[in-house]
Number of protein chains: 2
Amino acid sequence: MRADAQRNRERLIEVAHAVFKERGLDAPLDEVARRAGVGPGTLYRHFPTREALHEAIMATWIEEVSAHVEKAMATEGGCREKLLAWFEEYVGLLTRHQGAAAKITASLGCEDSPLRTKCQTYADANESVLTEMADHGMLREGVDNLDVCRLLGGVATMADQSSLEPRDVRPMLDVIANGVLKS
Amino acid sequence: MRADAQRNRERLIEVAHAVFKERGLDAPLDEVARRAGVGPGTLYRHFPTREALHEAIMATWIEEVSAHVEKAMATEGGCREKLLAWFEEYVGLLTRHQGAAAKITASLGCEDSPLRTKCQTYADANESVLTEMADHGMLREGVDNLDVCRLLGGVATMADQSSLEPRDVRPMLDVIANGVLKS
DNA sequence: AGTGAAGCGGAGGAAGTCTCCGCTTGCATG
DNA sequence: CATGCAAGCGGAGACTTCCTCCGCTTCACT
């Protein structure tokens, strides 16, 4: 790739990140192009679809996921406290951009989604936490990772769409934790 | 209201129902107008916003909710079976139209949503079922109706966006039931 | 039949998406 | 350094959808 094209690509990702943060994942793509100082044609050549741009942005988040797992697992207390801390991290990760939670979670079950490989990182992180719970004999029988991811994705989507505060989200996570852990 | 206006209004609701069912709640309103045989101006006079049209359609669903509660509560078995049957009914009601689950649930917490009064019916129905559980001493302490509605709304939204079958939804409802009931 | 108001419809402006193609620019090569 | 050309750019414009405005039609009452 030519050096100028590379520069444009990076600048577009950077600007798109800012625009999507301000105006949600549905923000006009032409504005992304305008603020990046390129024509719409350039944007659409680098990222043929809106999803391609989402994917490029999320790629930068993926690297941070394992740090969030470790942070949650370092929480004081028992399995329940650790699990809830992780659930809060998970929802926080998914609600970084307005509209992202629903898209990310929808891509989990879908083989041919372009986002899937990226989003699998979230599912893998959740699985590692659930495995930790299982190792301590705290996980209920028959609890499936994908189902928990979808439940958390649903909570994140509701939080996103209703602009819920963490204190409004917590009780929902409590219910899920009760449903996931042996009591 | 003039008789012709009344006819147009009813016809618009009928056609919108069909169009939204086929193409989701985001279907072009101009197509609704076209298929109803009226101009866009007529549609927008009767229903100034997309939400007003959604509201008019949902009004016809509201009447059926209590029947669904009764159907679920007539399920063979204990509290858990009844609750799960109701959860399935609830998710089914919310996923009637593509995109409806998220909107309905988002309106629950929002005082000034035009959909709120209609959607409150769903929340009330769920509350009546939870109360039934509580009366049998099966409800965990501190479980809040709005939180359960949001959890179910999240599940319905995921089911909607990922086109999940009932057999894929069931395990998620199991987790919520475990989280809601005493074990 | 006449009349006034209610209602209609479609032209058209605004906003967004996405493509096409003529022009520009980076860079490998002599 | 000069040159050739493929890679890349940008913006005009076609298309879609939303929504409004206003001249014309139709209803309903007398």
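Chain A is the first sequence line, chain B the second, and so forth, proteins listed ahead of strands; every chain is numbered from 1. Note that the structure is a prediction, hence the values are computed from the model and not measured.
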To the nearest angstrom, how far is [X] atom [atom1] from [N] atom [atom2]?
{"X": "A:Arg34", "N": "D:dC9", "atom1": "CZ", "atom2": "C1'", "result": "18 Å"}
{"X": "B:Leu43", "N": "D:dC21", "atom1": "CG", "atom2": "C1'", "result": "16 Å"}
{"X": "A:Arg9", "N": "D:dA7", "atom1": "CZ", "atom2": "C1'", "result": "16 Å"}
{"X": "B:Asp26", "N": "D:dT17", "atom1": "CG", "atom2": "P", "result": "12 Å"}
{"X": "A:Phe47", "N": "D:dC9", "atom1": "CZ", "atom2": "P", "result": "11 Å"}
{"X": "A:Gln6", "N": "D:dA7", "atom1": "CD", "atom2": "P", "result": "16 Å"}
{"X": "A:Asp30", "N": "C:dA14", "atom1": "CG", "atom2": "P", "result": "17 Å"}
{"X": "B:Glu31", "N": "D:dC19", "atom1": "CD", "atom2": "C1'", "result": "17 Å"}

Tell me which nucleotide among [options] gets nearest to the side chain of [X].
{"X": "B:Arg2", "options": "D:dC27, C:dC27, D:dT17", "result": "D:dC27"}
{"X": "A:Ala3", "options": "C:dC18, C:dC27, D:dG8", "result": "C:dC27"}
{"X": "A:Pro40", "options": "D:dT17, D:dG11, D:dC9", "result": "D:dG11"}
{"X": "B:Val38", "options": "D:dA28, D:dC9, C:dG9", "result": "C:dG9"}
{"X": "B:Arg45", "options": "D:dG8, C:dG9, C:dC18", "result": "C:dG9"}
{"X": "A:Arg23", "options": "D:dG10, C:dG16, C:dC8", "result": "C:dG16"}
{"X": "A:Asp4", "options": "C:dG9, D:dA28, D:dC9", "result": "D:dC9"}

Does [X] place a side-chain N or O at less than 4.0 Å from the phosphate oxygens OP1/OP2 of [N]?
{"X": "B:Asn8", "N": "C:dG7", "answer": "no"}
{"X": "A:His46", "N": "D:dG8", "answer": "no"}
{"X": "A:Tyr44", "N": "C:dC18", "answer": "yes"}

Donor-acceptor pair under 3.5 Å: do we get one between A:Arg50's side chain and the base of C:dT17?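 No pair found.
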Ring pair (Phe, Tyr, Trp, His ring centres under 6.0 Å) between B:His97 and B:His54, worked out: CA-CA 10 Å; B:His97 278 179; B:His54 293 166; 8.3 Å; no
Map B:Leu29 and A:Thr42 onto DNA chain D by nearest heavy atom, then report which one ends up closer to the 5' terminus.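 The residue whose closest nucleotide sits nearer the 5' end is A:Thr42.
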Going by the angle between their ring planes, with limits at 30° and 60°, are A:Tyr90 and A:Tyr122 parallel, tilted or perpendicular?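 Ring orientation, 0 to 90° scale: perpendicular.
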Is the CD atom of A:Glu76 crowded by more than 12 outside heavy atoms at less than 6.0 Å?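 No, not enclosed.
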Salt bridge between A:Arg96 and A:Glu64, side-chain N to carboxylate O under 4.0 Å?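 Counted as a salt bridge, because a side-chain N and a carboxylate O are separated by less than 4.0 Å.
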Salt-bridged, B:Lys82 to B:Glu132, with N to O below 4.0 Å?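 Result for this pair is no, no salt bridge flagged.
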